[in-house]
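Notes to accompany the following structure.
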Amino acid sequence: MKHILFGFTLLSCLAFCSCNNEASSGNIWYIELEPEHKIGTYNPIQQQKQIITESEEFISDAGLSPSGKQLAFTTATTNEDFQMWVINSDGTNLKRIEMFSEEPGFVWLNENLLVLATLWDDWADHPNDAYKWKRYDILTDRLRPLVAQGVGYYQWSRNHSAFQEIARYERTSYLGLGSLQLEGDTLKQKTQIELDPPKIPKYAGARRYLSWTTNGQAIAFSGKGSDNNMEIFLATDYGRTVRQITDFQKNYGLSSGGNISLSPDGQWIVFWMVLESPKISGLPEEGQIGLLNVNDKNIKYLIDANWSLQGEIVWSKDSHYAAFSNGEIHLIDVKTSQVTQLTSEGTNKMIFDWK
């Protein structure tokens, strides 16, 4: 496996002016965590920021509807309660859904329907389902309870393909892709792809450690390749073939982290990994942002990253660019392996989508 180390240079945003085609358009969506609480967008082509909404309370989570025309988000009050909101993506028509004692998880089932889940206060007394489920209909502004059947302790994706993440937090992981479906007031899970459990490493598939193409043909995830090393794996042919595509154990005594994002075309993975105790002099170490070619397994190390990512690694629709945040938004040009810092206000931005 070849390892190529690339230096990081702070460039003017004008370096992105070549990205002026429709497939690379859209906005990078982020939550501004401090000093104020905002949801905003950054348009790389126009090099413009726009604030969509502001809150007096801490904004803890956000997700766009399938079309990108609506946005759901949660805020945390000073009393440690949580409020759920929806708003048009142009900043109009803000609605408060409800207040919760626990932070609600949510997923868009369609353009006008949200499923919400919160833990029971006495969740240990509910061994079959630790969650309270509700549905919110935007058109009728109505919230009502749901009964879940066969929907376990899973993490959900908000990338709005036909698939949802169903990774279970267990030493031996269950990993697959499926969808949440409503039948009246009953929520069910339909599994489309299920990986063979013996092929899945330990601790695989936690949120931000699992990514896939829209059609589910390729699924990338990180998990333990050995006792001390987190590795990256790729499942192809709709889950029938699983292979390890990194070998950090060969060059490092310890690798951890494992945040990854697979490009929409399935050809590239951007990852954040902490690499320690290199076995060969001159190898990059500690926190690294890397670009992995799925086909030849070559890795280009792009930037020293001795910090945690803020939010998700997101991609342009054409797979030519990826964006990440260490507080400020950065852009990766896949063709040139160049990293460009897009913002520099000194605020803490957490990316959650590119649409």
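Source: prediction; values computed, not measured. Side-chain atoms are counted along with the backbone in the values below, which use heavy atoms only and exclude waters and symmetry mates.
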Looking at side-chain heavy atoms only, is the closest gap between [X] and [Y] below 4.5 Å?
X	Y	answer
Leu182	Leu146	yes
Pro44	Tyr321	no
Val339	Leu331	no
Lys349	Thr343	yes
Glu286	Glu276	no
Pro264	Trp212	no
Ile313	Ile260	no
Tyr301	Ile303	no

Do the side chains of [X] and [Y] join up, straight or via other hydrophobic residues, at under 4.5 Å, putting them in one cluster?
X	Y	result
Ile51	Ile351	yes
Tyr252	Leu254	no
Met99	Ile138	no
Val147	Tyr131	no
Trp272	Ile332	yes

Of all heavy-atom pairs between [X] and [Y], which one has the smallest distance, and what is that distance?
X	Y	value
Glu103	Phe82	N-CD1, 3.3 Å
Ile269	Ile245	CD1-CD1, 3.8 Å
Ala72	Leu114	CB-CD1, 4.0 Å
Val270	Ala322	CG2-CB, 4.0 Å
Ile39	Ala62	CD1-CB, 4.1 Å

side-chain contact (heavy atoms from CB on, under 4.5 Å) evaluation trace for Leu180 with Leu187
CA-CA 7 Å; Leu180 298 175; Leu187 182 68; 4.1 Å; yes
Ignoring hydrogens and geometry, is there a side-chain-to-backbone donor-acceptor pair from [X] to [Y] under 3.5 Å?
X	Y	answer
Thr41	Ile28	no
Ser255	Met230	yes
Trp108	Gly63	yes
Glu345	Thr347	no
Trp268	Leu292	no
Gln83	Thr74	no
Ser211	Leu262	yes
Gln267	Asp265	yes
Glu312	Val314	no
Asn27	Trp29	no

For [X], is the [atom1] atom crowded, meaning more than 12 foreign heavy atoms sit under 6.0 Å from it?
X	atom1	value
Lys95	NZ	yes
Arg96	CZ	yes
Lys279	NZ	yes

Would you give the length of the straight line joining atom [atom1] of [X] to atom [atom2] of [Y], rounded to the nearest 0.5 angstrom?
X	Y	atom1	atom2	result
Glu111	Leu139	CD	CG	9.5 Å
Glu285	Asn306	CD	CG	9.0 Å
Leu116	Leu143	CG	CG	6.0 Å
Ser256	Phe248	OG	CZ	10.5 Å
Gln217	Asp237	CD	CG	6.5 Å
Asn112	Gln70	CG	CD	5.5 Å

Go through the steps for Asn348 and Glu32 under the test side-chain hydrogen bond (donor to acceptor under 3.5 Å, both in side chains), then give the verdict.
CA-CA 6 Å; Asn348 192 7; Glu32 191 168 300; over 6 Å; no
Would you say the side-chain atoms of [X] and [Y] include a donor-acceptor pair closer than 3.5 Å?
X	Y	value
Thr92	Asn88	yes
Gln310	Asn326	no
Asp141	Tyr136	yes
Asp304	Gln288	yes
Ser316	Trp354	no
Thr77	Asn79	no

Check this for me: does any side-chain nitrogen of one of [X] and [Y] sit under 4.0 Å from a carboxylate oxygen of the other?
X	Y	answer
Lys250	Asp247	no
Lys224	Glu231	no
Lys132	Glu102	no
Glu183	Lys188	yes

Show your reasoning for whether side-chain contact (heavy atoms from CB on, under 4.5 Å) applies to Met273 and Ile232.
CA-CA 10 Å; Met273 193 78 70; Ile232 299 174; 4.3 Å; yes
Given side-chain hydrogen bond (donor to acceptor under 3.5 Å, both in side chains), test Gln149 with Thr186 step by step and report yes or no.
CA-CA 7 Å; Gln149 290 184 1; Thr186 300; 4.7 Å; no
Go through the steps for Thr75 and Ser60 under the test side-chain contact (heavy atoms from CB on, under 4.5 Å), then give the verdict.
CA-CA 6 Å; Thr75 59; Ser60 57; over 6 Å; no
Would Val242 and Leu234 satisfy side-chain contact (heavy atoms from CB on, under 4.5 Å), going step by step from the backbone distance to the final call?
CA-CA 6 Å; Val242 180; Leu234 187 71; over 6 Å; no
Under 6.0 Å between ring centres: does that hold for Phe221 and Phe233?
yes
Angle between ring planes, Phe73 versus Trp85, binned at 30° and 60°: parallel, tilted or perpendicular?
parallel
Would you call the rings of His330 and Phe324 parallel, tilted or perpendicular if under 30° counts as parallel and over 60° as perpendicular?
parallel
